[in-house]
Amino acid sequence: MSPTTIFAPASTAAAAIFDLSTLVIGVTAVIFSCVCALLIYAVVVFRKRPDDDGSEPAQVYGSNQVEIAWTVIPVLIVVALFLASARVVTGVQNADRPAGTVDVIAIGHQFWWEYRYPRLGVVTANELHVPVSEPAQPTPTFITLLSADTDHSFWIPRLGGKTDLIPNRVNRTWIDPYEAGLYLGQCAQYCGTQHAKMLLRVYVDSKEVFDSWVRQQREPARQQADVAEGRRVFLTTACINCHAVSGTVATGQFGPDLTHLMSRDTIASGIAPNTVENLRTSIRDPEALEPGSRMPAM
């Protein structure tokens with residue numbers, strides 16, 4: 001499992017942000033060290049001595065050299081950091097879209113994530129699957145960010161910077177992870193009671209595994225005789241007003257798409273393993289797992 005850290009970038013955008021952060025931290029660390037050294041020097045050298053007669057020390061006025069130095073040097077530092085930041089921001093925002101780009105629409109809800117792959121015909125929730133981007137065959141994932149209710153923020157530290165999801169506004173970001181694995185993130189904008197548990201899980205798959213996942217997600221829901229009673233209950237109650245299951249009369253869009261629910265490792269936006277016990281709990285008392293959940297107890 002990938003740690004939530006910015007110090008181990010695994011994509012181009014995250015690496016650029018990390019390099020910029022290292023530069024800024026290095027420059028500010030030098031400035032901090034110089035200021036501390038001057039303070040210590042002043043405290044030690046100009047401390048009050050036993051033979052001090054209390055008279056005012058010699059005053060220095062109008063030193064053009066000193067005034068120019070403490071004006072020009074900070075300006076140059078700020079300009080240099082501004083240009084470095086502008087270069088990274090421009091590079092991230094104006095990235096090229098190669099032929100193999102994967103398009104995803106991410107919609108933030110209170111308190112879960114909806115993912116739509118318009119060109120692949122896939123709809124899922126809470127667990128984002130993307131292909132690994134190899135240098136010989138770049139396969140970046142461009143993500144359109146929308147909000148269904150309030151402000152959210154999409155942030156996977158190892159894959160890129162924060163980008164907000166704002167109602168009635170379209171924002172965009174992209175990732176090109178070059179290492180397969182699971183990457184964790186977090187909604188980084190307070191969005192209500194359950195904000196702290198609105199997690200992000202990004203599965204970076206090899207091309208073969210990703211293609212297999214897409215094929216499986218395109219399939220309609222299975223019909224199994226041993227769960228026929230549960231299917232009848234689901235399709236004859238209010239569940240279908242909010243949830244969708246392909247191939248059935250359930251076409252709700254207010255809650256997560258449940259067509260391939262059991263192919264997911266977690267439920268409740270990644271806070272609980274996808275087990276029978278947790279599913280039963282989430283249906284009987286949704287607030288037990290997600291305080292503030294808008295799903296009624298069924």
- Test side-chain contact (heavy atoms from CB on, under 4.5 Å) on Ser21 and Leu23 and set out the steps. CA-CA 5 Å; Ser21 301; Leu23 173 64; over 6 Å; no

- Task: Decide yes or no for Pro98 and Pro140: does some side-chain heavy atom of the first lie under 4.5 Å from some side-chain heavy atom of the second?
- Result: yes

- Give the intermediate values and the outcome of side-chain contact (heavy atoms from CB on, under 4.5 Å) for residues Phe142 and Val104. CA-CA 6 Å; Phe142 280 74; Val104 177; over 6 Å; no

- Message: Just to verify, what does Asn241 make a side-chain hydrogen bond (donor to acceptor under 3.5 Å, both in side chains) with, not counting sequence neighbours?
- Response: none

- Item | Atom pair OG (Ser63) and CH2 (Trp70), whose distance is rounded to the nearest 0.5 Å | 7.5 Å

- Could you state whether Trp174 and Val170 fall into the same hydrophobic cluster, counting links through intermediate Ile, Leu, Val, Met, Phe, Trp or Tyr residues with side-chain heavy atoms under 4.5 angstrom apart? no

- Task: Take atom CZ of Arg218 as the centre, draw a 6.0 Å sphere, and report whether it contains more than 12 heavy atoms from other residues, nucleotides or ligands.
- Result: yes

- Task: Give a yes or no on whether Ile25 and Val88 share a hydrophobic cluster (residues Ile, Leu, Val, Met, Phe, Trp, Tyr; joining criterion: side-chain heavy atoms under 4.5 Å apart).
- Result: no

- Mind running side-chain contact (heavy atoms from CB on, under 4.5 Å) on His109 and Ser147 for me, showing each step along the way? CA-CA 7 Å; His109 298 259; Ser147 173; over 6 Å; no

- Residue pair Glu134, Lys207: steps toward the salt bridge (charged side-chain N to carboxylate O under 4.0 Å, His left out) verdict: CA-CA 10 Å; Glu134 300 174 352; Lys207 185 179 185 306; over 6 Å; no

- Interatomic spacing from OG1 in Thr275 to CD1 in Ile267 - rounded to 0.5 Å: 6.5 Å

- Item | Any side-chain donor near an acceptor of the partner, His260 and Asp257, under 3.5 Å | no

- Query: Roughly how far apart are Cys242 SG and Gln253 CD, rounded to 0.5 Å?
  - Reply: 11.0 Å

- Query: So do Ser293 and Phe111 actually touch side chain to side chain, heavy atoms under 4.5 Å?
  - Reply: no

- Item | Trp113-Phe154 aromatic ring centre distance below 6.0 Å | yes

- Query: If you measure from CG on Asp164 to CD on Gln189, what distance do you get to the nearest 0.5 Å?
  - Reply: 5.5 Å

- Task: For the residue pair Asn278 and Thr281, confirm or rule out a side-chain donor-acceptor distance under 3.5 Å.
- Result: no

- Query: Does the side chain of Leu279 reach to within under 4.5 Å of the side chain of Met262, using non-hydrogen atoms?
  - Reply: yes

- Message: I want to check something: taking the side chain as every heavy atom from C-beta on, are Leu200 and Leu128 in contact at a cut-off of under 4.5 Å?
- Response: no

- Item | salt bridge (charged side-chain N to carboxylate O under 4.0 Å, His left out) evaluation trace for Glu114 with Arg116 | CA-CA 7 Å; Glu114 178 181 358; Arg116 295 181 172 270; 2.6 Å; yes

- Task: Quick one: pull up CG in Leu165 and CG in Leu145 and give me the separation to the nearest 0.5 Å.
- Result: 4.5 Å

- Task: Report yes or no: do Trp112 and Trp155 belong to one cluster of Ile/Leu/Val/Met/Phe/Trp/Tyr joined by side chain heavy-atom distances under 4.5 Å?
- Result: no

- Should the ring pair Tyr203 and His129 be called parallel, tilted or perpendicular, given that the plane angle runs from 0 to 90° and is split at 30 and 60? parallel

- So do Asp149 and His152 actually touch side chain to side chain, heavy atoms under 4.5 Å? yes

- For Pro256 and Ala125, work out which heavy atoms get closest and say how close. CB-CB, 3.7 Å

- Item | Audit row: Glu229, Arg232, salt bridge (charged side-chain N to carboxylate O under 4.0 Å, His left out) steps and yes/no | CA-CA 5 Å; Glu229 178 61 15; Arg232 184 194 65 79; 2.6 Å; yes

- Query: Roughly how far, to the nearest 0.5 Å, is the CG atom of Leu146 from the CG atom of Asn171?
  - Reply: 9.0 Å

- Query: Could Arg215 and Asp211 be called an ion pair, given the rule that one side-chain N must be under 4.0 Å from one carboxylate O?
  - Reply: no

- Query: In a check of side-chain contact (heavy atoms from CB on, under 4.5 Å) between Tyr117 and each of Val123, Asp103, Thr124, which one passes?
  - Reply: Thr124

- Task: Measure the shortest side-chain to side-chain distance between Thr193 and Pro291 over non-hydrogen atoms and say whether it is less than 4.5 angstrom.
- Result: yes

- Residue set satisfying side-chain contact (heavy atoms from CB on, under 4.5 Å) with Thr266, at least two apart, ordered chain then number -> Glu127, Arg201

- Query: Between Arg158 (side chain) and Ala10 (backbone), is there a donor-acceptor pair under 3.5 Å?
  - Reply: no

- Message: Applying side-chain contact (heavy atoms from CB on, under 4.5 Å) to His195 and Cys187, what does each step give before you reach the verdict?
- Response: CA-CA 7 Å; His195 159 70; Cys187 175; 3.8 Å; yes

- Determine whether Val214 and Val130 fall in the same hydrophobic cluster, where Ile, Leu, Val, Met, Phe, Trp and Tyr are linked whenever their side-chain heavy atoms lie under 4.5 Å apart. yes

- Message: Can you confirm whether Val102 sits close enough to Thr139 that some side-chain heavy atom of one is under 4.5 Å from a side-chain heavy atom of the other?
- Response: yes

- Query: Can Leu258 be reached from Leu235 by stepping across I, L, V, M, F, W or Y side chains whose heavy atoms are under 4.5 Å apart?
  - Reply: yes

